[in-house]
**Q** 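Quick one: this structure, given as structure tokens, is what I'll be asking you about.
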Amino acid sequence: MESFLPDSVKALLLGLLAIGFVLSRLARAFPQVGWLRFFRLPIKQMSEEQKARRQRSANRLAGLEIVLAGVILPLLYFGSTMLLFSEPKRIPLIIVIVCSILCIVIGIWIFVRNLRP
């Protein structure tokens, strides 16, 4: 399969991207250098209340993701056994169920703990 861009153009674009990233980091590290100010990305200053609210929101989302992982884990196990034309074994099934219940409990605990403002 032929590439859309030649390898030399890809290398040039990668080099430009790397240089931009390095200049952005240098602009943040050395704010007193005038010509680097052009490469500094804007930083939104947040109050402590906003930071705490974002942290709680991120923790709630993480809790929901862990609960979802606990729900999907048995489905993946049964799906993989069906695809491989084998029957579920007792020990792996117990391990999957225990891990699933543990994920659901931990996810709910994280979610409830971060509901309070």
Side-chain angles (χ1 to χ4, degrees):
M1 181 175 182
E2 289 187 32
S3 178
F4 177 69
L5 294 173
D7 289 338
S8 59
V9 174
K10 288 181 188 176
L12 180 67
L13 290 175
L14 181 62
L16 289 174
L17 187 66
I19 289 171
F21 181 74
V22 168
L23 286 173
S24 173
R25 288 298 198 181
L26 286 173
R28 187 175 289 175
F30 301 107
Q32 69 274 10
V33 179
W35 64 272
L36 280 176
R37 290 183 187 149
F38 177 73
F39 298 100
R40 189 177 321 147
L41 296 174
I43 299 173
K44 183 178 178 185
Q45 298 295 330
M46 292 188 291
S47 67
E48 291 300 320
E49 179 186 336
Q50 289 173 326
K51 287 180 185 179
R53 189 171 44 232
R54 280 197 178 188
Q55 183 68 37
R56 283 193 310 272
S57 175
N59 287 343
R60 285 192 302 266
L61 183 61
L64 286 175
E65 288 174 354
I66 293 172
V67 168
L68 184 63
V71 170
I72 290 177
L73 190 60
L75 297 175
L76 288 175
Y77 176 68
F78 285 116
S80 66
T81 55
M82 286 174 35
L83 285 175
L84 297 174
F85 301 108
S86 63
E87 293 190 23
K89 307 272 191 287
R90 170 171 262 141
I91 299 297
L93 182 62
I94 291 172
I95 292 172
V96 166
I97 290 173
V98 167
C99 289
S100 177
I101 291 172
L102 191 63
C103 283
I104 291 171
V105 168
I106 289 173
I108 290 173
W109 178 69
I110 290 172
F111 186 78
V112 169
R113 198 176 101 184
N114 287 286
L115 272 180
R116 291 176 253 141

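Being a predicted model, the structure only gives us computed values, none of them experimental.
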**Q** Transitive ILVMFWY cluster of L68 at side-chain heavy atoms under 4.5 Å: who else is in it?
**A**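 Members other than L68 - counting any ILVMFWY side chain reachable under 4.5 Å - are I72, L76.
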
**Q** Which pairs would a plain distance check flag for residues 59-66, meaning a side-chain donor or acceptor within less than 3.5 Å of a matching protein atom at least two apart in sequence or in another chain?
**A**
{"from": "N59", "atom 1": "OD1", "to": "Q55", "atom 2": "NE2", "distance (Å)": "3.4"}
{"from": "N59", "atom 1": "ND2", "to": "Q55", "atom 2": "O", "distance (Å)": "3.4"}
{"from": "N59", "atom 1": "ND2", "to": "N114", "atom 2": "OD1", "distance (Å)": "3.2"}
{"from": "R60", "atom 1": "NH1", "to": "N114", "atom 2": "O", "distance (Å)": "3.1"}

**Q** When clusters are formed by joining ILVMFWY residues with side-chain heavy atoms under 4.5 Å apart, either directly or through shared neighbours, do F38 and F30 land in the same one?
**A**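 Shared cluster, yes.
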
**Q** Per the side-chain contact (heavy atoms from CB on, under 4.5 Å) rule, which among L83, L73, L93 passes with F78?
**A**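 It is L93, the one option of L83, L73, L93 that forms the side-chain contact (heavy atoms from CB on, under 4.5 Å) with F78.
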
**Q** Determine the sole option in I94, I95, I101 for which the side-chain contact (heavy atoms from CB on, under 4.5 Å) test with I97 is passed.
**A**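 Only one of I94, I95, I101 forms a side-chain contact (heavy atoms from CB on, under 4.5 Å) with I97, namely I101.
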
**Q** Got a sec, which residues hit side-chain contact (heavy atoms from CB on, under 4.5 Å) with I106, two or more places apart in sequence or on another chain?
**A**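 Here the qualifying residues are L102, I110.
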
**Q** Taking only residues two or more places apart in sequence or in another chain, which ones pass salt bridge (charged side-chain N to carboxylate O under 4.0 Å, His left out) with E87?
**A**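 Partners of E87 by the salt bridge (charged side-chain N to carboxylate O under 4.0 Å, His left out) criterion come out as none, since no residue qualifies.
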
**Q** Measuring only between side-chain heavy atoms, which start at C-beta, is E48 closer than 4.5 Å to K51?
**A**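 Yes, side chains in contact.
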
**Q** V98 and V71: same hydrophobic cluster, using ILVMFWY side-chain contacts below 4.5 Å?
**A**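 Not linked; separate clusters.
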
**Q** Indicate if I104 and W109 have the same hydrophobic cluster label, given that clusters are the connected sets of ILVMFWY residues with side-chain heavy-atom separations under 4.5 angstrom.
**A**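 No, because I104 and W109 fall into different hydrophobic clusters, even though each may have its own neighbours under 4.5 Å.
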
**Q** Check step by step if side chain to side chain contact (heavy atoms under 4.5 Å, CB included) holds for L13 and K10.
**A** CA-CA 5 Å; L13 290 175; K10 288 181 188 176; 5.9 Å; no

**Q** How about CE on M82, more than 12 heavy atoms from neighbouring residues, nucleotides or ligands closer than 6.0 Å, or not?
**A**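 Atom CE in M82 is not packed in, count stays at 12 or less.
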
**Q** Closest approach of Q45 and Q50, non-hydrogen atoms and distance?
**A**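 So the two residues come closest at O-OE1, 4.4 Å.
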
**Q** Please say yes or no: joined through hydrophobic side-chain contacts below 4.5 Å, possibly via intermediate residues, are L14 and L16 part of one cluster?
**A**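 No, separate clusters.
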
**Q** Show every side-chain hydrogen bond (donor to acceptor under 3.5 Å, both in side chains) that has at least one partner inside residues 18-40, sequence neighbours left out.
**A**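 For residues 18-40, and leaving out neighbouring residues, there are no side-chain hydrogen bond (donor to acceptor under 3.5 Å, both in side chains) pairs at all.
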
**Q** Any side-chain hydrogen bond (donor to acceptor under 3.5 Å, both in side chains) involving residues 70-85? Give me the pairs, sequence neighbours left out, ordered by first then second residue.
**A**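 Qualifying pairs, neighbours excluded: none.
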
